[in-house]
Amino acid sequence: MAIPISYNVRNLRVRKGTTLMTALGIALTVAVLLGIGTLVEGLRNAFELSGNPLHLIVMRQGSTSELVSIVGKASFDVIKFEDGIAEIDGEPMVSHEVVSVVNLGLRGNPEEVANVSVRGLSQVGIKMRDDVQLLEGRWFDPGKREMVVGKGVHAVREGTSIGEKIFYGRGDWEVVGVFSAGRSAFNSEIWVDANLAGSDLGRGSGRSSILVRAKTEADAVALTNRLSDDQRLGLEAERESDYYAKQMSTARPIEVLGVFVAVIMAIGSCFAAMNTMFAAIANRSREIAVLRLLGFSRLSVLGSFMIEALLLSLLGGVLGCLLVLPLNGLEGRIGNAVTFAETTFQFRVTPFYIGIGLTFSVIMGVLGGFLPARLAARRDVLQSLGSN
Amino acid sequence: MNSGIAISMRNLCKEYTREEFKVVALDDITLDIAEGEFFCLMGPSGSGKSTLLHLVAGIDRPTSGSLGVLGADIADMTDRELARWRSENIGYVFQTFNLIPVLTAWENVELPLQLTHLKRPDRLERARTALEIVGLGDRLDHLPKQLSGGQEQRVAIARALVTDPAIILADEPTGELDAASANEVLSILTTLNRDHGKTIIMVTHDPRAARFARTSRYLDKGRMMEMQTPSVMD
Ligand SMILES: Nc1ncnc2c1ncn2[C@@H]1O[C@H](COP(=O)(O)OP(=O)(O)OP(=O)(O)O)[C@@H](O)[C@H]1O
Ligand SMILES: [Mg+2]
């Protein structure tokens with residue numbers, strides 16, 4: 001009982017200029033939304049994958065980030081012997097770490113400097129990060145001013161290739177390796193020997209935090225409570241996954257702004273689609289009358305023009321997705337509001353976001369197409385036919 | 001209602017009100033048109049010819065009087081029922097062809113069959129047959145703009161007859177055509193009437209076209225004249 005879809009497809013093709021312009025407007029709207037979506041998705045990935053559910057991060061009470069926390073050697077010696085801690089090679093999986101920042105210029109634009117996190121840690125600390133693997137060069141030698149840089153830092157920051165030197169603390173440190181930490185936020189860090197970093201920073205035996213791996217989920221919960229409640233320590237333990245989840249707040253302003261811009265653009269695109277469809281219907285009023293005369297119902301006419309609007313907007317949706325596809329895997333960077341350093345991440349165009357983009361375009365088609373389609377369906381056959 | 005009568009009008013009136021003015025388009029028309037008739041309607045511009053066709057096709061409703069078409073009282077039907085009834089019983093041919101520009105000849109003719117339960121191969125077959133009847137079996141995949149006016153009108157006739165309706169209404173079908181094309185169209189209509197038993201009502205200004213019809217009547221200011229087409233028109 002329906003008017004064939006080929007009728008709509010050909011009409012869109014016949015007026016390809018307007019079709020393309022309208023679709024392009026929708027495409028840009030979808031691209032903005034998807035661009036933001038893939039950024040947020042990339043960040044979410046980085047932060048979610050950084051937190052191991054069995055890990056606790058221990059900082060001084062009231063510290064919101066490792067950068068501003070101080071945890072002394074005495075506390076470390078106490079915690080090391082707590083129950084429920086996992087072991088590796090006969091040693092407890094506990095890592096006393098020092099976190100600070102170093103200023104590095106952008107590759108190709110040295111003026112654009114940013115804070116990059118430098119983490120001093122032990123061999124155990126490296127082993128505790130399951131996803132970490134050396135890409136190039138070697139790990140630092142304990143006791144030497146050597147650095148291993150995360151692949152995110154290596155990709156965007158200057159002076160981070162093997163053999164290059166970075167001034168940090170009290171001297172020049174040589175880059176000896178590049179590591180990958182899967183898609184986690186550790187890619188945005190530089191790793192060095194904890195003892196040397198501690199003394200270079202003038203912290204003595206003091207450090208920023210302690211990373212602890214519990215044996216089981218239940219141990220993780222118990223340890224978190226026990227360490228936080230111990231008044232003598234004055235420390236606060238937090239699940240590592242929670243610590244990184246909080247850093248998602250970094251993406252919120254961009255998320256809000258992006259969605260706001262996309263919504264404004266979407267309203268514009270809706271009106272553009274509406275305008276295009278009104279024009280199409282005005283040009284085809286005789287045709288519509290003939291369809292009605294042949295016996296097609298008002299509903300068929302309404303459906304046919306809705307389909308035409310949907311095809312138009314879907315074309316825009318597909319174009320929009322194609323526009324953002326090259327972003328996939330691209331290295332992004334953002335100032336992290338929690339660590340006060342740069343977090344690098346990879347844009348991720350997932351099927352989920354493609355689905356969101358297409359759905360968004362369809363919604364624009366429905367909203368923009370409805371009024372024109374209704375007008376077409378309501379048109380008086382005789383009047384549209386004119387005197388014949 | 002008598003069998004043998006395709007269309008029966010009794011005291012049929014149609015008035016339009018346009019900005020306080022009342023226009024009487026059809027004034028008290030009583031007329032029977034037999035099944036298998038080739039009926040020609042003539043008259044000056046504004047005399048109500050198109051209005052009469054619109055009423056018969058159920059595109060418009062009479063102000064008063066009764067109108068039976070193929071035994072159905074179409075004044076009583078809802079819009080939906082009318083649309084369905086029309087697609088099954090009426091073929092309509094316009095002066096300006098009114099083909100869908102983006103569809104080929106074949107697709108244009110197939111279009112009314114979308115409203116039937118026929119499968120696509122059957123639809124295409126019937127559309128092809130209809131195009132062969134009007135002598136355009138070799139123009140199936142041409143777009144309207146690739147056809148001459150006469151050919152376009154023949155496609156339009158094929159579209160009107162593809163559903164095998166009992167009645168074909170043609171509103172000045174040769175109005176836009178040269179003499180040769182007009183003759184082709186008129187002989188096709190004659191064939192449909194004579195060999196396929198279609199009841200045809202044709203509106204025309206052209207006395208030569210009127211000669212193809214079996215009966216001609218004259219409308220003037222909405223009134224049906226008793227006389228045949230006056231010969232002064234020639
Ligand atoms: N929808 C309408 N609204 C108002 N008046 C109308 C409408 N349709 C027709 N009329 C009027 O009814 C009268 C008859 O019109 P109709 O179109 O039937 O004439 P016609 O004989 O077909 O003329 P033509 O030869 O010019 O096509 C005219 O006066 C016309 O203005
Ligand atoms: Mg007319």
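Per chain, numbering begins at 1; letters A, B, ... match sequence-line order.
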Taking the side chain as every heavy atom from C-beta outward, state whether [X] and [Y] have any pair of such atoms under 4.5 Å apart.
X: A:V290; Y: B:Y92; value: no
X: B:E107; Y: A:Y7; value: no
X: A:R284; Y: B:P101; value: no

No-hydrogen, no-angle side-chain donor-acceptor test under 3.5 Å, A:R286 and B:T96:
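Distance-only check passes for A:R286 and B:T96.
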Give, for atom [atom1] of [X] and atom [atom2] of [Y], the distance between the pair rounded to the nearest 0.5 Å.
X: B:N98; Y: A:L291; atom1: CG; atom2: CG; answer: 10.5 Å
X: B:I90; Y: A:L294; atom1: CD1; atom2: CG; answer: 12.5 Å
X: A:S297; Y: B:L82; atom1: OG; atom2: CG; answer: 13.5 Å

If every non-hydrogen atom of [X] is compared with every non-hydrogen atom of [Y], which pair is closest and at what distance?
X: A:R10; Y: B:T104; value: NH1-N, 4.2 Å
X: A:G295; Y: B:S87; value: CA-CB, 4.1 Å
X: A:P4; Y: B:Q114; value: CG-NE2, 3.5 Å

What part of B:L111 gets within 4.5 angstrom of chain A, counting heavy atoms only: side chain, backbone, both, or neither?
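Both backbone and side chain.
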Can you say whether B:E88 sits under 4.5 Å from chain A via the side chain, the backbone, both, or neither, judging by heavy atoms?
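B:E88 has no heavy atom closer than 4.5 Å to chain A.
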Identify which part of A:R292 has an atom lying under 4.5 Å from any heavy atom of chain B, answering side chain, backbone, both or neither.
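The backbone, not the side chain.
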Quick one: which of A:L299, A:D380, A:L293, A:V381 has the most heavy-atom pairs under 4.5 Å with chain B, could you say?
A:L293
